[in-house]
Amino acid sequence: MPEASTRQSDPGAASYVRFEGVQKSYDGETLVVKDLNLDIARGEFLTMLGPSGSGKTTCLMMLAGFESTTHGAIYLHDQRIDNVPPHKRGIGMVFQNYALFPHMTVRENLAFPLKVRGMGRSDIETRVKRALEMVELPNFGDRRPAQLSGGQQQRVAVARALVFEPDLVLMDEPLGALDKQLREQMQFEIKHIHESLGVTVVYVTHDQTEALTMSDRVAVFNDGVIKQLSTPDVLYEEPANAFVAQFIGENNRLYGEVVEAGDAGSAVTVRLDSGQHVKALPVAVSGARGERTTLSLRPERVKVNPPEGSVPNVLEGKVAEVIYLGDHIRTRFSVAGHDDFVVKIPNAAEHPRMHEGDMVKLGWAIEDCRALDA
Amino acid sequence: MADIPAAGTVPEMRRDEELTTADGRPLRVALRRSQRQLRRRAFYLVAPLLVFLLVTFGWPIANMIAGSVYNPEVAHFLPLTSSAISDWDGEDVPGEDVFAAMAMDMESGLANRTIGRAAGRINREIPGARSLVMGTARDLEDMQPPYREAFLAEDERWGDLEFWRLIKRETRIVTPAYYLLALDFEYNSRGEIVERPEIYQVYRQLFWRTAWMSLTITALCVLLGYPVAHLLATLPLKTSNVLMILVLLPFWTSLLVRTSAWIVLLQQQGVINDLLVWANIIDASGRIRMIYNQTGTIIAMTHILLPFMILPLYSVMKTIPPSYMRAARSLGATQFTAFTKVYMPLTIPGVAAGVLLVFILAIGYYITPALVGGESGIFISNLIAQNMQGTSAQLKLASALATILLVGVLFFYWLFNKLIGVDRLKFG
Ligand SMILES: Nc1ncnc2c1ncn2[C@@H]1O[C@H](COP(=O)(O)OP(=O)(O)OP(=O)(O)O)[C@@H](O)[C@H]1O
Ligand SMILES: [Mg+2]
C-alpha cells in the first residue's frame, strides 16, 4: 500500500488515463456523471465503488468508447480519445455477464481478438494456449461457453480481455454473478494476474470488501460524483465525508452542532442533539459555531467501561441487543438518543458478558471520532 | 408409513435385489406407472385437437393421395373384361372370350348405369371411345354371339389394338397415369412413357416457376426484413412498439384488401405509373407493366409474407444482448466484422425459421398469384385449383399435382433440417 499512497500524493506522476471535467447526460435533463476528474497511473489497480446508479458503468463505457462524453475530455497516453472508435482504443474489457460469444468455442473466443488483428495462425495458437494456462483452463478450449460453470466462464472472459495484451483492462462487476467463495478465489486470481502482467486495471464493483482487498486506489462514487479517491486504508480510517464513512465499513453516527472550535486543526467540541458534549476531530467542518455535523465512529474503536480519565469522551449507553459472533460480540447500545450504536467487543477475558438493559460507559479517543459534513 | 415395521427396522434388502417402494412394488414399475399417468394426462389434453386434425387434415390428405393413384373404373365397372383380358398378349385383336366378357359387362353396366363411367374413363385417353362403347352397348340387345364378329360388324374401331391395350392397362387399380400427366409425361399408343407434346407441357414449367419465384420472394423478405427486425430489436421499447404495429398491420387487414391495394398502385393506369408520368420519368405511352405478371406476384407476395420473416428474426434478435457487439468491438473488431462474425451467426436460428415459414407459405400460395399474377405470374396452386373447378374438373390430376407439391415441401423441410437442424429454429 505505501506504493499506492505515493502515487496518490505525487501529482507530477505521468497519468496513463485522465478524465478531465467529464460530464455525461443521457436525456439532456440530468447529469449522470458530474464533472469527473480522475488520473489513473500506469499499472495501477483502480476501483470505482458506489451504489447502484451512481454512474460507474457510464464512466467505464465512456472510457471504452461505447458512450460519448457530453462534455470534457478523456486522455489515454496523453492522447485525446473522444473520437477514437472502440476497436482502435486497444482496451480489454470484461463484461458483467461475460459476453462470451455463445456460437464459438472457448478457443475461438480467445482467438477472436487476435484474428481481427490479422495475426498468424501459429502465433494465435501459442497465445491462446498461454492465455488458457494463465487462467488454469488448459483443457477447456473446445467447449462452448454454455458448457462452462460461471466461474470458468468468468476466467475465459478475463483471458479473452487479456489475450491481445492490452495495457488497460476494464472490468465491470466481473464477479457479480458468482457465489461468495468463488468470488473470493477469483478476486485473488485477478489480483495475481494484475500483478504478474503489470496491466492497468479499472475495476467496477459495488461490493466494498472486494474494492478494499483488490485495489491500489478506490474511487467512491455517489450520484455521479467521486466522493473520495484514496487507498483502501485511508478510505476506511480517514473517510473524508459522511457518505464515505457510511458506505465503507460499519459506522456509528451521532448528530450535533459545533459549539466550540479548537485551535487550528485540533479538536472541536460538538453538542449532540441529545445535549451531551463530545470532542471530535474536525475533518469536513469549518469550525464555525452552530455548524451542523455528523460524528463518525468505527464500532471497533469504542471502548467499553474505559478506565477513568483514559479517554476524553465518555457517554452512558444502555445495552439493547447482544449478538454472539464467536471472535467478537456485537453489542447494540442505545446512546444519546440513537439506538443503533454498535460496538464490537472482542471475546476476551477482560470484557465481562453484558446483558440487555445493562447501563455501561462507552468512551473513545478524539481522533477516532471524526466530525464530518451534516 | 403403515408398511414400515415398528421399532425402526427397515425391510432387509439384498444387493442384487431390485429397489422397491415402501409397499414392495419394484421401483421401476412404480416410476413407469406414475409417468404413464402423466403421459395419459398429456394425451387427454391434446386429444381434441388431435381428433380435429385427423378429421380435417389427416384424412383429407390421405384421401387426396389415395385418389391421385386410384383408378377403379375399368376394373370395377368392366370386371369380366378385366379378368378375360389379363391373358391377352396385345399382339392381335382379342379373342371371343374377351368380347363375350365385354358384352356381359355392358349388359350389367347398362342395368346399373355404371357403363357410362367406364366409358368416360376410356374416353379421357382415347377421344371418341365413349360413343363407341355407349353406342355398342345400346345395340347389344340385337346382337348374337359370337360377339367378336358382331362387335366388329357394329363398328370397326373394335378392332383397334390401341383401344384394347388401353383397357388392359387401365385394369390396374393403382395407376401412375395422373402423376405422369402432372409431370408432363404420358403413355403413348404402345403403352410406353413419353413426354407430352410441347404445346401441352405446362406443369413442370409451373412447378419450376413456383419454386424459383418462392425463393426470390424469400430472399427479398430476408433482405427487407433483416434490417427492420434489427431496428425493432435495438430501438427503445416505446418506438419499437409503434414500428411493430406497422409491421403487424398487414396481419390485421384482409388478404384481398391488401392485394387489391397493390392492384390500385401497380396497374398501368395506377398510382405509381401516374406519378412516374407526372414526374416525367416515363412518358404516357411507356407506362410500365408491373402487375398481372411475375413482377406483380413477387411484389405483392413479398409484402404479404414479410411479417412472417420479421417476427422470428425479431424474437431472436431481441435475445442477443448488446454486450456481445460491444465485446467484439472492444476486442478490436470493426463494426462490420463484429456484425458479420458475432451478430449474424447468432441470428441464424431466426433467419432459418423465417426462411422456412416464408418459403413454405409462398410455394403453396393461391390468392395473390391468382389476382395479380396474370398469365406469367401464377403458381402451381392456381392450376391445382383450376383442375378442381368447373365442368372439365380433373380431380385426380389435381390430387396428383397437390401431392407432388406436398412432397416438394416435405423434401425442402428435410433438406433444411439436414443443413440447419430444425431443433435450432426459433419461431418466436
Ligand atoms: N443507456 C442509458 N440511457 C439512459 N439512462 C441511462 C443509460 N444507462 C444508464 N443510465 C442511467 O444513468 C445512471 C447511471 O447508470 P450506470 O449504469 O452508470 O450506474 P452504475 O453505477 O453502473 O450502477 P450499477 O451498480 O447498478 O451497475 C442511472 O441512473 C441510469 O438509469
Ligand atoms: Mg453498472
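None of the values given here were measured: they were computed from a predicted structure. Lettering follows sequence order; numbering is per chain, from 1.
- Interface remark: of the candidates B:Ala338, B:Pro321, B:Pro322, B:Pro345, B:Pro345 forms the most heavy-atom pairs closer than 4.5 Å to chain A.
- Only the side chain of A:Phe95 comes within less than 4.5 Å of a heavy atom of chain B; its backbone N, CA, C and O stay farther away.
- Each of A:Pro102, A:Gly92, A:Ala64 has some count of heavy-atom pairs under 4.5 Å with chain B, and the biggest count is that of A:Pro102.
- Nearest heavy atom pair, residue A:His103 against residue B:Leu346, reads ND1-CD2, 3.4 Å.
- Residue A:Lys191 places its NZ atom among more than 12 non-hydrogen atoms of other residues, nucleotides or ligands, all under 6.0 Å distant.
- Within 6.0 Å of atom NZ in B:Lys318, more than 12 heavy atoms from other residues, nucleotides or ligands are found, so the atom counts as buried in its surroundings.
- For A:Leu100, the part lying near chain B is the backbone, with the side chain staying farther off; criterion is any non-hydrogen pair under 4.5 Å.
- Residue A:Arg117 comes nearest to B:Gly332 through the heavy atom pair NH1-CA, 3.9 Å, listed as atom of the first residue, atom of the second, then distance.
- The two atoms that bring A:Phe101 and B:Tyr324 nearest to each other are CE2-O, 3.3 Å, heavy atoms only.
- Across all their heavy atoms, A:Phe66 and B:Arg326 have their closest contact at CZ-O, 3.0 Å.
- For B:Thr334, the parts sitting under 4.5 Å from any heavy atom of chain A are the backbone and the side chain alike.
- Heavy atoms from other residues, nucleotides or ligands lying under 6.0 Å from CH2 of B:Trp212 number more than 12.
- Interatomic distance, CG of B:Leu331 versus NZ of A:Lys115, reported as 13.0 Å (0.5 Å rounding).
- Under the side-chain contact (heavy atoms from CB on, under 4.5 Å) rule, B:Ser330 has a single partner from A:Arg89, A:His87, A:Met93, which is A:Met93.
- Shown here is B:Phe339, whose CZ atom has more than 12 heavy atoms of other residues, nucleotides or ligands within 6.0 Å.
- For CD of A:Glu133, the number of neighbouring non-hydrogen atoms (other residues, nucleotides, ligands) closer than 6.0 Å is greater than 12.
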